[in-house]
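Input: a single structure, listed below in structure tokens.
We count ligands from 1, going down the list as the structure has it; atoms in each ligand are counted the same way.
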Amino acid sequence: MADRYLSFTATAPGRFLTRRLGLPQPAALRRWSPEHPSLTGDLLHLTAGKSTLDLAPVLARTGLPLGAADPAAVVLDATGVHDVDTLAEVHAALHPVLRTVAASGRIVILGSPLDADDDHHRAAVQQALEGFTRSLGKEIGRGRTVNLVRLTDATSAESTLRFLLSPKSAYVSGQVIGVGAGGGQWAARDFGERPLAGRVALVTGGARGIGEAVGEVLARDGAEVVVLDVPQAEADARRVAGRLGGRALALDITAADAGERIAAELPDGLDLLIHNAGVTRDRRLVNMPADRWSSVLDVNLASVLRTTDALLAKGTLRPGGRIVATASIAGLAGNAGQTNYGASKAGVAGLVRALAPRALDTHGVTVNAVAPGFIETRMTAAVPLFIREAGRRMNSLAQGGLPVDVAETTAWLAHPASGAVNGQVVRVCGQSLLGA
Ligand code: NAD
């Protein structure tokens, strides 16, 4: 399962040989660790057009020193870009500094929300920022990421900016993330070491793989974690829960009464509902029997719809709660042999889009999804060698992600200060070449 190519290109002969052959050059990504919790280097604040954002206090609170010497992070405020001339200021601001941005550095571009009432010149150049972001992400290299955040005020986006400007977002690149207004009812202590203290999280499929990593990161951030998995995986679920100081719940999420069983298990309520359980049963449609179709749709979509409905209706999800579902780039881009899986994961994105505004209005709960790309787990270890190798390299970072990358993204969406992030499907895919 280890990525031997990545280790090989980290050696001098490996680098020499693979460069000569024109092969991909993945950079070892810097991820969060207790010893290295933040980026090391300056944060460079640039502006294109006239901005009205009050960004400086938010950037100051990231703890990164403001400066321009080999920056580890660049924030380009392009919210004031309104015509082709001010769009040129994006080029003028970034062109001279790009070479100096450190390896594993971050470029975050800020844009305005796309508004149906916008003047068409403004709409054109604000949309242009997406093509710009995605193109720069594909060419920048050296483990550096480029993302676009559409926002109206800096305070509501503070948790998002902190995430994107940290090592926690190592495998998130080429994304466009919308942050609404409001949702800013958080306290400075929420950015302490245990932002999820006092919160109860339920992680479905939490006994292994991505779900296990999600449980670990949420527990690190202070949450009490309930590890739900099928009865056959109960021993693993107990082992994980024991390590996290949480508890296990042996339950098949496709059971008709799964929502009721969870509600009964959590009479005091639940704050973070993480729909992670998922299965694949690949076959081309022409060879796919109905049971392979329905088993995938049942775990990946129908049970997500059923349990979400039951837990919202019963009031188990407390106000301020978060639902994070798991989509997949296969659902966004499509994948041969995965009509069942692709349908189920695209369905998750549809659920998020439609439920998010209502769940926030009625229950005070946000609804978002993570869409993993190629993540190194047992699921992808089972993929045949050459397809696996292609999957690993076909993204801007030229490597697979780790379960912790999905987990850190989930923790950002679950954060108490992320109340203005709603209805988003965020890909954790190293900017996969598949799909948008
Ligand atoms: P995994 O197979 O390693 O783990 C999935 C877990 O879900 C297992 O513990 C399994 O027992 C549990 N599960 C399955 N059916 C269940 C049910 N009916 N009730 C309760 N638990 C159930 O998979 P993973 O790679 O960790 O994937 C986790 C999620 O991420 C899935 O939704 C998957 O579709 C999605 N995903 C993974 C990748 C990847 O590259 N690994 C890519 C895109 C999306």
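- The protein heavy atom nearest to atom 22 (C) of ligand 1 is Ala277 CB, 3.6 Å.
- No side-chain donor-acceptor contact under 3.5 Å links Asp298 and Ser295.
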Please walk me through it: do Arg150 and Glu130 pass salt bridge (charged side-chain N to carboxylate O under 4.0 Å, His left out)? CA-CA 10 Å; Arg150 295 203 180 280; Glu130 297 188 10; 3.0 Å; yes
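- Heavy-atom contacts from other residues, nucleotides or ligands closer than 6.0 Å to CZ of Arg353 number 12 or fewer.
- No N or O atom of Gly211 sits closer than 3.5 Å to an N or O atom of ligand 1.
- Among protein heavy atoms, atom 42 (C) of ligand 1 sits closest to Gly373 O, 3.0 Å.
- Asp282 and Gln338 are linked by a side-chain donor-acceptor pair at a separation below 3.5 angstrom, with hydrogens and angles left out of the test.
- The option from Val240, Asn276, Thr326 that lies nearest to atom 31 (C) of ligand 1, judged by heavy atoms, is Asn276.
- Any N or O atom pair closer than 3.5 Å counts here, and Ala207 shares no such pair with ligand 1.
- Checked by atom type, the side-chain pair Ser166/Ser38 shows no donor-acceptor distance below 3.5 Å.
- For ligand 1, the atoms sitting less than 4.0 Å from at least one non-hydrogen atom of Ser328 are 43 (C), 44 (C), numbered in the order shown with element in parentheses.
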Steps toward salt bridge (charged side-chain N to carboxylate O under 4.0 Å, His left out) verdict (Glu224, Arg199): CA-CA 6 Å; Glu224 179 192 331; Arg199 308 218 167 194; over 6 Å; no
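- Put simply, part of Lys345 is less than 4.0 Å from ligand 1, judged by heavy atoms.
- Not one N or O of Phe374 is nearer than 3.5 Å to an N or O of ligand 1, by distance alone.
- Remark: of the listed residues Arg162, Glu408, Arg106, Gln175, Arg106 is the sole one forming a side-chain hydrogen bond (donor to acceptor under 3.5 Å, both in side chains) with Ser169.
- Here is the list of ligand 1 atoms found below 4.0 Å of a heavy atom in Tyr341: 33 (C), 34 (O), 35 (C), 36 (N), 43 (C), 44 (C).
- Counting heavy atoms closer than 4.0 Å to ligand 1, residue Asp252 contributes atoms from both its backbone and its side chain.
- Every atom of ligand 1 with a heavy atom of Leu251 under 4.0 Å away is listed here by number and element: 19 (N), 20 (C).
- Ser344 and Asn300 share a donor-acceptor pair across their side chains, judged by distance under 3.5 Å alone.
- At least one cation-pi condition fails for Arg392 and Tyr5: the charged atom is not both under 6.0 angstrom from the six-membered ring centre and inside a 45 degree cone around its axis.
- Looking from atom 7 (O) of ligand 1 to the surrounding protein, the closest heavy atom is Gly205 CA, 3.3 Å.
- Asp229 OD1, 3.3 Å is the protein heavy atom nearest to atom 12 (C) of ligand 1.
- Close approach of ligand 1 to Ile253 is summarised as follows: ligand atoms under 4.0 Å from at least one heavy atom of the residue are 17 (C), 18 (N), 19 (N), 20 (C).
- Ligand 1 is never approached by Ala371 to a heavy-atom distance shorter than 4.0 Å.
- Nearest to atom 37 (C) of ligand 1 by heavy atom, out of Ile210, Asn300, Val203, is Ile210.
- Residue Val299 approaches ligand 1 through these ligand atoms, each under 4.0 Å from one of its heavy atoms: 15 (N), 18 (N).
- Around CD of Gln25, the count of heavy atoms belonging to other residues, nucleotides or ligands within 6.0 Å exceeds 12.
- Ranking the protein heavy atoms by distance from atom 5 (C) of ligand 1 puts Gly278 O, 3.9 Å first.
- Salt bridge present: Arg243 and Glu212 bring a charged side-chain N and a carboxylate O closer than 4.0 Å.
- Ligand-side atoms of ligand 1 in range of Ile375: 39 (C), 40 (O), 41 (N), range being under 4.0 angstrom from any heavy atom.
- Of all the heavy atoms of Val230, the ones lying under 4.0 Å from any atom of ligand 1 are found in both the backbone and the side chain.
- Ligand 1 places these atoms under 4.0 Å from at least one heavy atom of Val279: 14 (C), 15 (N).
- Under 4.0 angstrom from ligand 1, there are no non-hydrogen atoms of Gln232.
- The proximity of Ala327 to ligand 1, defined as any non-hydrogen pair under 4.0 Å, is limited to the backbone.
- With respect to atom 23 (O) of ligand 1, the closest heavy atom belonging to the protein is Met379 CE, 3.9 Å.
- A centroid separation of 6.0 Å or more is found between the aromatic rings of Phe163 and His415.
- Within the cation-pi definition used here (under 6.0 Å to the ring centroid, within 45° of the axis), Arg281 does not qualify as a partner of Trp293.
- Looking at Arg378, Glu212, Arg208, Arg427, it is Arg208 that brings a heavy atom closest to atom 1 (P) of ligand 1.
- Side-chain contact annotation: Arg283 with Thr339, donor-acceptor N/O pair under 3.5 Å absent.
- Counting heavy-atom neighbours within 6.0 Å of Arg238 CZ, excluding the residue itself, gives a total of 12 or less.
- Taking only nitrogen or oxygen atoms, main chain and side chain alike, Thr377 reaches within less than 3.5 Å of ligand 1.
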